[in-house]
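So that the names make sense, note that chain A is the first sequence line, chain B the second, and so on, each numbered from 1. Heavy atoms only: backbone and side chains are in, while hydrogens, waters and symmetry mates are out.
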Amino acid sequence: MSEDSEAEHIAKLYGDFYDVVRRIPKGRVLTYGQLAELAGRPGAARAAGAAMRCAPETLGLPWQRVIGKKSKGQGRVSIHDPIGGAIQRQLLESEGVEFTEAGGVPLGVFGWLPE
DNA sequence: CAGGTGACTCTTT
DNA sequence: GAAAGAGCCACCT
């Protein structure tokens, strides 16, 4: 059967993005722009967002480690859905990621810089 | 091929 | 700091 046919289709389209997300260490975060760049698609931050949005949970992807860039090396949960956003924040806090009072994440501390 | 959409990002008001 | 505009890429119809 092919109940995962759709998931396979998506994994095929955004495989490059998912491969990078898998390498994000626990307690670290990455911006969509950085994800796109590391995935070999510089400037495709929007596509990276689409990849996270369609990411099948069956892949066990740490999508919560991908956030949006706010300003001055600060990240911020960019999920439109308030429920999903709260879940992402909770997941990140569980990994040791701290949020500022303004709801931002200091990328200089929790941002992942691949060698 | 053209138009619409989006978990983006930057600049300007 | 919020809101609006513009630029960007990838996917779908």
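Of all nucleotides in DNA chain C having an atom under 4.0 Å from a heavy atom of chain A, the first and last in 5' to 3' order are C:dG7 to C:dC12.
Taking A:Asp81 as the reference, A:Ile79, A:Ile83 meet the side chain to side chain contact (heavy atoms under 4.5 Å, CB included) condition, with sequence neighbours excluded. Contacts of A:Arg28 classified as salt bridge (Lys or Arg N to Asp or Glu O under 4.0 Å), with partners at least two apart in sequence or in another chain: none. The salt bridge (Lys or Arg N to Asp or Glu O under 4.0 Å) check on A:Arg76 picks up nothing, with sequence neighbours excluded. For A:Glu8, there are no salt bridge (Lys or Arg N to Asp or Glu O under 4.0 Å) partners, not counting sequence neighbours. Remark: A:Glu93 pairs with A:Arg89 by the salt bridge (Lys or Arg N to Asp or Glu O under 4.0 Å) rule, at least two apart or across chains.
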Output a table of donor-acceptor pairs, distance under 3.5 Å, between side-chain atoms of residues 94-114 of chain A and any protein atom two or more places apart or on a different chain; print 'none' if there are none.
unit_1, atom_1, unit_2, atom_2, d
A:Ser94, OG, A:Gln90, O, 2.9
A:Glu95, OE1, A:Gly27, N, 3.2
A:Glu95, OE1, A:Arg65, NE, 3.0
A:Glu95, OE2, A:Gln64, NE2, 3.2
A:Glu95, OE2, A:Arg65, NE, 3.2
A:Glu95, OE2, A:Arg65, NH2, 3.0
A:Thr100, OG1, A:Ala102, N, 3.4
A:Thr100, OG1, A:Gly104, N, 2.9
A:Thr100, OG1, A:Gly104, O, 3.3

Could you give the side-chain donor-acceptor pairs of residues 30-53 of chain A under 3.5 Å, partners two or more places apart or in another chain?
unit_1, atom_1, unit_2, atom_2, d
A:Thr31, OG1, A:Gln34, N, 3.1
A:Arg41, NH2, A:Asp16, OD2, 2.9

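DNA chain B is contacted by no residue of residues 99-107 of chain A, taking any non-hydrogen atom closer than 4.0 Å. Near-neighbour residues of DNA chain C inside residues 10-22 of chain A, defined by a heavy atom below 4.0 Å, number-ordered: A:Leu13, A:Tyr14.
Taking NZ from A:Lys69 and OG from A:Ser78, the interatomic distance works out to 12.0 Å, rounded to the nearest 0.5 Å. The SG atom of A:Cys54 lies 6.0 Å from the OH atom of A:Tyr18; values are rounded to the nearest 0.5 Å.
Residues A:Ile10 and A:Pro56 share a closest heavy-atom pair of CG2-CD, 4.2 Å.
Nucleotides C:dC8 and B:dT12 have their P atoms positioned 15 Å apart, rounded to a whole Å.
Checking A:Leu61, A:Ile24, A:Val20 one by one against A:Val66, the side-chain contact (heavy atoms from CB on, under 4.5 Å) holds for a single residue, A:Ile24.
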Base versus backbone protein contacts along nucleotides 7-13 of chain B [heavy-atom cut-off under 4.0 Å; B, S, -]: BBSS---
